[in-house]
There are 2 protein chains.
Amino acid sequence: MATLKQVAAHAEVSVQTVSNALNAPHRLRADTLERVNKSIELLNYRPNRNARSLRTSAVELIGYCVPNWPNQTHLVMDQFLHALCAAAERTGRHILLFTAPPGVDGMPTYDDLHARRLVDGFVLSQTETHDPRHGWLKEQGIPFVSFGRVWKQTTQPGPWVDVDGAAGSALAVRHLYETGRRRIAFLGWPKASGLAEDRAGGWRDECKRLGLPISGLSVRCREDSLDEGARVTAALLDAGREIDGIVALSDVLALGALRELTRRGLTAGHQVGVTGFDDSPLADVVSPGLTSLRQPMDEIAGELIKILTGAPDGTPTERLLQPELVIRGSSAPG
Amino acid sequence: MATLKQVAAHAEVSVQTVSNALNAPHRLRADTLERVNKSIELLNYRPNRNARSLRTSAVELIGYCVPNWPNQTHLVMDQFLHALCAAAERTGRHILLFTAPPGVDGMPTYDDLHARRLVDGFVLSQTETHDPRHGWLKEQGIPFVSFGRVWKQTTQPGPWVDVDGAAGSALAVRHLYETGRRRIAFLGWPKASGLAEDRAGGWRDECKRLGLPISGLSVRCREDSLDEGARVTAALLDAGREIDGIVALSDVLALGALRELTRRGLTAGHQVGVTGFDDSPLADVVSPGLTSLRQPMDEIAGELIKILTGAPDGTPTERLLQPELVIRGSSAPG
DNA sequence: GCGGATGTTTTTAACGTTCAAAACGTCCGT
DNA sequence: ACGGACGTTTTGAACGTTAAAAACATCCGC
């Protein structure tokens, strides 16, 4: 593979002139530029990323940690990863994947990747309540951007992009209202989850706005599983709450609800309208199809990369994006 | 961040001695080694990957293309990616993600990543019949290993690791047989798919071995979707084939079958036992739970990295691994 | 004709490692 | 005492870019 030196020899100019042809062509006389470009093309010259990075101290790689929470799959991760890679590539950068223990035990891994100049910065996701990564990276002065906020902190430790969960829940409530539902439940998570509280808040506010009852209609699941979705749905029905709509905090919980409705002989999606969140592959594969809130992955990824690679001006940047409701059979009019 | 030079000054030795302390400590006298290691620790020295890669021409990054086939999600990709990253990290390497157009249009992307020294080689997956990547990479002398074989080629163009689809189908047939089933269908893909033919062959051979009928019991779906799985199941049932077992080539097809059985009032997983392939998140979320063949991701990833980073000896390396049948409610005894 | 300004190209050094050769110190046999 | 072998450490160069300074060529006003 040709080097600048070889291209320079071929074009009968200095190495710097070839570098200028690539990076500052305005410096060169037109005929010199043409001759150099011909040599570059003829020798199929490709710049060596290592050499450049050594001199400039920028590796143009962005670190992303592959989540691996036990017993949980990330149903839309392939979409997110593809969008993230494409967005990074548009700026000449790439994504470096790595694994790390959760919580503070993972900090040495992040530290090492940055210190050894394997990455310039990080994109974080799967943010947890009191996630230590954000504060730690900010303290270390390591560039990062987060897909998702750190809940329970009044000031965010760094820039983030998120999807408006409250707005999403409100959208789902309104949709179910428009299909005729008037007693809409909310299947959420434990109170410790900021994301859940945010989405629950959206459900609550929209129900109030529409004059719908909310008392006794919001339940918290112990975990994000199908069984839990089924269990709390059973509990709601057994308690005599005559619900005709369910907004679930995730697709998995929504499917649990659908399963319980089916088990009780209720026509899934008809007597009770059900919606989920994430518009995961699950939403499509179940009959009659789950109405779900889709996150705008391309936009999310684009904003993440824009924030991470943008000129630093000291103030955190925040972007709250809107989900889109994908309507399927599970919320057909009753 | 400290450099070798700074550590050397601190320890009152040459740069080379510090490098030796890290890479060839046996060369150093014990007291010198101790003094240098103290300086390394005190100054929190971390080697600069760019500098090392420039000198050695090895970047220790492995390229992996994020699949993005339209209307298809890769339900076990997060598991695969995590296993791949962990395996690469165990050898001091990392995974660099990228996107590329499918087929020959993607070759320039692979070429560029290697020529610019962004990666040392590639792990390929989602291999298609007549996939051009393998032959092209071999021709270019670019290191790679494939998760999956290139079907329809008598000699593989490069090293691969794969899961034995035929053995998997045979395992599923045997399991259904042991639950009492005697008329077991196979839901496959079009004949053009080598993977499908392999899995169909396993179903066929095991049925023959067990003395079970096979005529008219193997169908090909036009695509890998739930609707197709439902459609061909309906066709089998409408044709009067009194099937009591279904081995589906994928979880999606299996779920389609389950849906159609449910629609016809057949108790899913009881009158007709159903199995799928991949043990994806779908297998767990449906009721009664789908029996499915799980691919050994950690072993696959470990073998891929071992082959890619092993000493090159000119002959392709091949490893065929065995899937594991995860038994759930969809194949309960009839 | 000369000096200053501008355009164009070259020269020099830097980035931070690793590789290979050279130098230095010690020991032992002659 | 000296030369050879071995152990230990240092020296010099290389990898291939980019950044900054220097050099060279040209033009124009005075």
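Chain naming here is simple, since letters A, B, ... match the order of the sequence lines and numbering starts at 1 in each.
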Task: Flag, side chain of B:Q6 to backbone of B:T3, donor-acceptor distance under 3.5 Å - done: yes
Task: Whether A:S19 side chain and A:V15 backbone form a donor-acceptor pair below 3.5 Å - done: no
Could you state the [atom1]-[atom2] distance from [X] to [N], rounded to the nearest angstrom?
X: A:N20; N: C:dT11; atom1: CG; atom2: P; result: 14 Å
X: B:L22; N: C:dT17; atom1: CG; atom2: P; result: 9 Å
X: A:E34; N: C:dT8; atom1: CD; atom2: C1'; result: 17 Å
X: A:Q16; N: C:dT10; atom1: CD; atom2: C1'; result: 9 Å
X: B:R117; N: C:dT17; atom1: CZ; atom2: P; result: 19 Å
X: B:M1; N: C:dC15; atom1: CE; atom2: C1'; result: 16 Å
X: B:I40; N: C:dT17; atom1: CD1; atom2: P; result: 11 Å
X: A:L4; N: C:dA14; atom1: CG; atom2: C1'; result: 15 Å

Open item on the list: Can you see if the side chain of A:T32 gets near the phosphate of C:dT9 - specifically, an N or O under 4.0 Å from OP1 or OP2?
Closed with: yes
Open item on the list: Between A:R29 and C:dT9, is there a contact of a side-chain N or O with OP1 or OP2 at under 4.0 Å?
Closed with: yes
Task: Along DNA chain C (nearest heavy atom to each residue), the more 5'-positioned of A:D31 and B:N48 - done: A:D31
- [ ] Working to the nearest 0.5 Å, report the span between CG of B:N48 and CE of B:M1.
- [x] 10.0 Å
TODO: Could you grab the distance from atom SG of A:C85 to atom CG of B:L96, nearest 0.5 Å is fine?
DONE: 8.0 Å
TODO: State, to 0.1 Å, how close A:P67 and B:H82 come at their nearest heavy-atom pair, and which atoms those are.
DONE: O-CD2, 3.9 Å
- [ ] Let me know, please, whether B:L54 or B:V15 comes out on the 5' side of the other along DNA chain D by nearest nucleotide.
- [x] B:V15
Open item on the list: With nearest nucleotide decided by heavy atoms, which residue, A:P47 or B:S14, maps closer to the 5′ end of DNA chain D?
Closed with: B:S14
TODO: Describe, in one word, how the ring planes of B:F122 and B:Y110 are oriented to each other, choosing from parallel (under 30°), tilted (30 to 60°) and perpendicular (over 60°).
DONE: tilted
- [ ] Could you give me the CA-CA distance, side-chain angles and deciding distance for B:F147 and B:Y64, then say whether ring pair (Phe, Tyr, Trp, His ring centres under 6.0 Å) is met?
- [x] CA-CA 11 Å; B:F147 173 25; B:Y64 179 74; 9.2 Å; no
Task: Terminal helix-axis angle for the helix from C:dG1-D:dC30 to C:dT30-D:dA1, with five pairs defining each axis and rounding to 10 degrees - done: 70°
- [ ] For DNA chain D, note the earliest and the latest nucleotide, 5' to 3', having some atom under 4.0 Å of a heavy atom belonging to chain A.
- [x] D:dG16 to D:dA20
TODO: Give a yes or no on whether a donor-acceptor pair under 3.5 Å exists between the nucleobase atoms of C:dT17, that is its base, and the side chain of B:R52.
DONE: no
Open item on the list: Looking at A:E12, I want to see if its CD is surrounded by more than 12 non-hydrogen atoms of other residues, nucleotides or ligands under 6.0 Å.
Closed with: no
- [ ] Indicate, with a heavy-atom threshold strictly under 4.0 Å, whether B:N50 touches base, sugar-phosphate, or nothing.
- [x] nothing
TODO: Could you tell me whether A:T56 contacts a base, only the sugar-phosphate backbone, or nothing, with contacts defined as non-hydrogen atoms closer than 4.0 Å?
DONE: sugar-phosphate
TODO: Using a strict 4.0 Å threshold on nitrogen-to-oxygen distance, state whether B:E303 and B:K306 make a salt bridge.
DONE: yes
Open item on the list: Let's go through A:V59 and B:R49 carefully: what are the C-alpha distance in whole Å and the side-chain angles of both, what is the deciding distance for side chain to side chain contact (heavy atoms under 4.5 Å, CB included) to 0.1 Å, and is it a yes or a no?
Closed with: CA-CA 10 Å; A:V59 290; B:R49 172 62 67 86; over 6 Å; no
